[in-house]
Colleague: 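After the structure tokens below, expect a handful of questions from me.
Whatever order the structure lists them in is the order used to number ligands and atoms, beginning at 1. Given the structure is predicted, the values throughout are model-derived calculations rather than measurements.
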Amino acid sequence: MDKLRIRGGNPLKGQITVSGAKNAALPLQAACLLTDEKLTLTNLPLLADITTMNRLLAQHGVEVHINGRDAFGSSGRSVELYANDIFNTTAPYDLVRKMRASVLVLGPLVARFGQAKVSLPGGCAIGTRPVDLHIKGLQAMGAVIEIEGGYILARAPEGGLVGAEFVFPQVSVGATENLMMAATLAKGETVLVNAAREPEIGDLARCLIAMGAEIEGIGSDRLVIKGKERLHGATYAVLPDRIEAGTFAMAAAITGGELELLGARMGDLKAVAKTLAGANVKMTETPGGIMVSATAGELIGVDVMTEPFPGFPTDLQAQMMALMCVARGASMITETIFENRFMHVPELSRMGANITVHGSSALVRGVPRLTGAPVMATDLRASVSLVLAGLAAQGETTVSRIYHLDRGYERVEAKLAACGADMERVKEED
Ligand SMILES: CC(=O)N[C@H]1[C@@H](OP(=O)(O)OP(=O)(O)OC[C@H]2O[C@@H](n3ccc(=O)[nH]c3=O)[C@H](O)[C@@H]2O)O[C@H](CO)[C@@H](O)[C@@H]1O
Ligand SMILES: C=C(OP(=O)(O)O)C(=O)O
């Protein structure tokens, strides 16, 4: 098993190219199941999760052609997905438990093939994460759903799914994606109310439109989808990863550095830019992306509350907490999306952070400096928050279990080292 060794203290300086977004790519990959023609996705990030989704699709019968192979051997910058010979509509536990986004095959499979058997993903380190809204939404479209042996068994009515109005009692990114995909092949009109507005939803909608779908309301919380008999092939480029960009913005900030994030889009990061401005970190648009500068003096503590888009993203909460650990003053960080997303707190505390958790809020009192330590985390964003802390800490930090990081960050050590970070990937036994 690999780990990252980081010697902190170097201000980051330079440019980092932002990769394609994991959370956009995964639903786009699942969308290939909606057509028997070729879906080509470009600007894919080289990540373990993308490979897992390709494996899941392949076992359904999707032909997966990968271009631009990388060191993983099974992942590449672009992929051609042909779902013209689907022989299996079951998504097995072994793959779904590895990656919750596997549940995104449910909507497309039921919509196109009238049936699906998808393992329930179960809880994960950050929360219980039920999929009841995915199920209720499909039921509203006429699907009959049973839970048996840990699997969701879904069957469309004779003649296929039927368009419906579904009001989300709670904003859900994944359920919005699943239902939007299902609705593209349902009979009649589907209206999704209180839908998620994350940029990744817009990306999926634009790809579906390129495949022949009719969708209105992109960027709003009301999506209207007119079902079609069939969709066709398309070529689509995955949008840049706003969470990777936000993470690197905080890396620049925590080291008192200056980074240009090539490809990053300010429109996707407004709440982050506003929060960082309060912390004395400047984010400005450049012709190529966003410049982040933290050279103007000390960091200042700011309060943060995670919210669905356009609010501050939960996927940047851990990184923001690492930053606040070394800011002047105190910061109250409130997590409203997931009930257990503070697993980085004990590890940051081992590095000298002063954090007290009260329910869904963490009070972070800034300290003059963190100190390096061996640390590990049980989820993706918690792991990267420890990398950020390590970049700022005095001495050496080793971050273990970095398979979590590899789910969502492409060559993180190479990208940061190219901007002056003293860090390397080493084998666990080193
Ligand atoms: C692959 C992907 O895109 N993952 C992102 C997606 O996850 P994901 O799509 O799983 O997250 P959701 O938006 O669905 O979850 C939001 C909240 O709704 C709850 N919920 C969700 C569905 C449901 O049927 N019932 C229910 O109660 C969840 O437990 C959670 O508390 O959005 C999250 C919120 O921005 C991000 O942190 C994840 O990185
Ligand atoms: C929670 C995340 O991903 P997933 O939904 O795939 O677990 C994430 O990207 O931070």
Side-chain angles (χ1 to χ4, degrees), residues 19-30 45 47-50 52-53 56 95-107 118 120-140 145 147 152 166 168-181 192 194-204 221 238-239 241-247 268 271-272 306-320 335-341 343-344 360 377-385 403-410:
S19 296
K22 161 180 92 76
N23 289 350
L26 295 170
L28 290 170
Q29 287 170 281
L47 297 173
D49 272 14
I50 302 301
T52 305
M53 184 58 99
L56 175 65
L95 284 167
V96 179
R97 79 182 161 81
K98 274 197 193 151
M99 189 185 67
R100 299 183 49 84
S102 306
V103 79
L104 293 172
V105 299
L106 177 64
V118 176
L120 279 163
C124 77
I126 62 176
T128 48
R129 304 183 75 178
V131 289
D132 56 314
L133 301 176
H134 303 238
I135 292 172
K136 285 185 184 129
L138 287 172
Q139 283 171 330
I145 298 190
I147 306 294
I152 305 164
F166 186 72
F168 287 95
Q170 177 181 355
V171 177
S172 164
V173 173
T176 301
E177 291 165 344
N178 234 336
L179 298 186
M180 179 165 64
M181 287 191 279
L192 301 178
N194 196 27
R197 285 182 283 166
E198 269 64 7
E200 294 76 19
I201 305 274
D203 213 40
L204 175 61
D221 63 357
V238 178
L239 97 168
D241 195 325
R242 65 193 168 100
I243 304 301
E244 189 200 26
T247 302
D268 296 344
V272 175
T306 64
E307 282 171 312
F309 193 84
F312 189 95
T314 173
D315 291 351
L316 284 171
Q317 178 260 109
Q319 300 88 314
M320 190 67 200
E335 172 60 55
T336 72
I337 310 291
F338 293 108
E339 70 272 20
N340 191 28
R341 212 172 195 184
M343 265 95 44
H344 36 288
S360 61
T378 49
D379 78 274
L380 165 58
R381 309 302 171 186
S383 303
V384 87
S385 78
Y403 50 84
H404 292 296
L405 267 174
D406 291 336
R407 276 190 53 218
Y409 290 92
E410 182 179 321

Colleague: What part of E244, side chain, backbone, both or neither, has a heavy atom within less than 4.0 angstrom of ligand 2?
Modeller: neither

Colleague: Give me the atom names and distance for the closest heavy-atom approach of G20 to D241.
Modeller: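 Where G20 meets D241 most closely, the heavy atoms are O-CB, 3.8 Å.
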
Colleague: On a heavy-atom basis, which atom in L104 and which in N178 lie closest, and how many Å separate them?
Modeller: O-OD1, 3.3 Å

Colleague: For N23, which part has a heavy atom under 4.0 Å from ligand 2: side chain, backbone, both, or neither?
Modeller: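 N23 to ligand 2: side-chain contact only, backbone stays beyond 4.0 Å.
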
Colleague: Please confirm whether R407 comes within less than 3.5 Å of ligand 2 when only nitrogen or oxygen atoms on both sides are compared.
Modeller: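 Min N/O separation from ligand 2 is below 3.5 Å for R407.
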
Colleague: Please find the pair of heavy atoms, one from S172 and one from L133, that lie closest to each other, and give the distance.
Modeller: CB-CD1, 4.0 Å

Colleague: Would E200 and R242 pass as an ion pair if we require N to O under 4.0 Å?
Modeller: yes

Colleague: With a cut-off of 4.0 Å, which atoms of ligand 2 are near a heavy atom of K22?
Modeller: 2 (C), 3 (O), 4 (P), 6 (O), 8 (C), 9 (O)

Colleague: What are the polar N/O contacts of ligand 1 with the protein below 3.5 Å, with distances?
Modeller:
| unit_1 | atom_1 | unit_2 | atom_2 | d |
| --- | --- | --- | --- | --- |
| ligand 1 | 7 (O) | R129 | NH2 | 3.2 |
| ligand 1 | 9 (O) | G174 | N | 2.8 |
| ligand 1 | 10 (O) | R129 | NH2 | 2.9 |
| ligand 1 | 13 (O) | V173 | N | 2.7 |
| ligand 1 | 14 (O) | S172 | OG | 2.6 |
| ligand 1 | 18 (O) | Q170 | NE2 | 3.0 |
| ligand 1 | 24 (O) | P130 | O | 3.3 |
| ligand 1 | 24 (O) | D132 | N | 3.1 |
| ligand 1 | 24 (O) | D132 | OD1 | 3.2 |
| ligand 1 | 24 (O) | L133 | N | 2.7 |
| ligand 1 | 25 (N) | P130 | O | 3.3 |
| ligand 1 | 25 (N) | D132 | OD1 | 2.7 |
| ligand 1 | 31 (O) | I337 | O | 2.6 |
| ligand 1 | 37 (O) | D315 | OD1 | 2.5 |
| ligand 1 | 37 (O) | D315 | OD2 | 3.4 |
| ligand 1 | 39 (O) | N23 | ND2 | 3.0 |
| ligand 1 | 39 (O) | D315 | OD1 | 3.3 |
| ligand 1 | 39 (O) | D315 | OD2 | 2.6 |

Colleague: Can you name the closest pair of heavy atoms from E410 and P45 and give their distance?
Modeller: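 Minimum heavy-atom separation between E410 and P45: OE1-CA, 3.3 Å.
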
Colleague: If you measure from the Lys or Arg side-chain nitrogens to the Asp or Glu carboxylate oxygens, is any gap between R407 and D49 under 4.0 Å?
Modeller: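 Salt bridge between R407 and D49, a charged N being under 4.0 Å from a carboxylate O: yes.
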
Colleague: Between P121 and R100, what is the shortest heavy-atom contact and its length?
Modeller: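 Result for this residue pair: CB-NH1, 3.6 Å.
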
Colleague: Quick check on side chain to side chain contact (heavy atoms under 4.5 Å, CB included): which of V131, L120, I135 does V103 satisfy it with?
Modeller: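 Passing option: V131.
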
Colleague: For atom 5 (O) of ligand 2, which protein heavy atom lies nearest, and how many Å away is it?
Modeller: R129 NH2, 2.7 Å

Colleague: Check residues 307-318 and write down every donor-acceptor pair under 3.5 Å in which the side-chain atom is one partner and the other belongs to a residue at least two apart or another chain.
Modeller:
| unit_1 | atom_1 | unit_2 | atom_2 | d |
| --- | --- | --- | --- | --- |
| T314 | OG1 | E335 | OE1 | 3.0 |
| T314 | OG1 | E335 | OE2 | 3.1 |
| T314 | OG1 | R341 | NH1 | 2.8 |
| D315 | OD1 | R341 | NH1 | 2.7 |
| D315 | OD1 | R341 | NH2 | 3.2 |
| D315 | OD2 | N23 | ND2 | 3.4 |
| Q317 | OE1 | H344 | NE2 | 2.9 |
| Q317 | NE2 | E335 | OE1 | 3.0 |
| Q317 | NE2 | R341 | O | 2.9 |

Colleague: Taking the side chain as every heavy atom from C-beta outward, state whether Y409 and I243 have any atom pair closer than 4.5 Å.
Modeller: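 A side-chain contact under 4.5 Å exists here.
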
Colleague: Run the numbers for me: atoms of ligand 2, each under 4.0 Å from some heavy atom of R381, listed by number.
Modeller: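 Near R381, meaning under 4.0 Å from one of its heavy atoms, ligand 2 has 8 (C), 9 (O), 10 (O).
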
Colleague: Specify side chain, backbone, both or neither for M99, according to which of its non-hydrogen atoms lie closer than 4.0 Å to ligand 2.
Modeller: neither

Colleague: For R341, counting its heavy atoms only, list the atoms of ligand 2 lying under 4.0 Å from any of them.
Modeller: 1 (C), 8 (C), 10 (O)

Colleague: Under 4.0 Å from ligand 2, counting heavy atoms only, is it the side chain of Q317, its backbone, both or neither?
Modeller: neither

